[in-house]
Amino acid sequence: MSKSTQNRRQFITTSGKAGMALAAMPLMAKINSSSFLTAANEYAQQPLPYGYSALEPFIDAMTMEIHYTKHAAAYAKNLADAALAEKLDTQTTSLTDLIKNISRYSPKMRNNAGGHFNHEMFWQMMKPAPATAPSGALAEAITKTFGSLDNFKAAFNDAAKTRFGSGWAWLIVKADNSLAVCSTPNQDNPLMDIAETKGSPILGLDVWEHAYYLKYQNKRPDYINAWWNLVNWEFVQKKYAEAINKK
Ligand SMILES: [Fe+2]
């Protein structure tokens, strides 16, 4: 049994005790807390954690609105269609488990499961006016691996700039808990069993043209440089801790 399945079962068994506390939580807090997402609703597009204009001037409101309501929404819808066609039980299969075993499914499932997973994570990896640098264990690991934060950013920028066509640049935690930078084509993800470089993604950058073309046109490097002003380091630190503790 996978850990995510165990976690869901554990949640089900403890949810009765947690019910009273849950009832006292504001509705949005329940919706935004991924720990309370069931396998089924993690397949649906979640509310954007901020407004379309919140990431201005680095990402413009129109790009955000089209990106969220058209591109990302289409991945979620097409994932639901593929799940139905391929008889995937979304109640019992977590999105992460699907991604990890994606070679068993169709190209449509691969593209749209990846697209949905990647974008849901992408929205959370950004926030308006974040801390300008990581801290704690993640900061130490970055320095140990890359020599400095600037060296890490240079390696990440290189991966993002040189990804030919459409894809993503990633910071991942590998099986041995080391950090690495990599990129994937299209909507692939380092968690996928077909990924060239495998690991748990803790930071990712969408370098599809739909993510930047309205404001930056063909100047992908300008978009990448601007994006660093939005990185939600607290979220990345949380993902790092989860990845390290999972092993
Ligand atoms: Fe995108």
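Whatever order the structure lists them in is the order used to number ligands and atoms, beginning at 1.
By the 30° and 60° cut-offs, the orientation of the rings of Trp227 relative to Phe122 is parallel. The aromatic rings of His210 and Tyr75 lie tilted to each other, with the angle between the two planes from 30° to 60°. Tyr68 and Tyr52 have tilted rings, their planes meeting at an angle from 30° to 60° on a 0 to 90° scale.
Under 2.8 Å from the Fe ion (ligand 1), one finds the following protein N/O/S atoms: His67 NE2, His119 NE2, Asp206 OD2, His210 NE2.
With respect to Asp188 and Arg110, a salt bridge is recorded, a charged nitrogen being found less than 4.0 Å from a carboxylate O.
Screening residues 54-67 for salt bridge (charged side-chain N to carboxylate O under 4.0 Å, His left out), with sequence neighbours left out, gives no hits.
Trp208 has its ring centre no less than 6.0 Å from the ring centre of His119.
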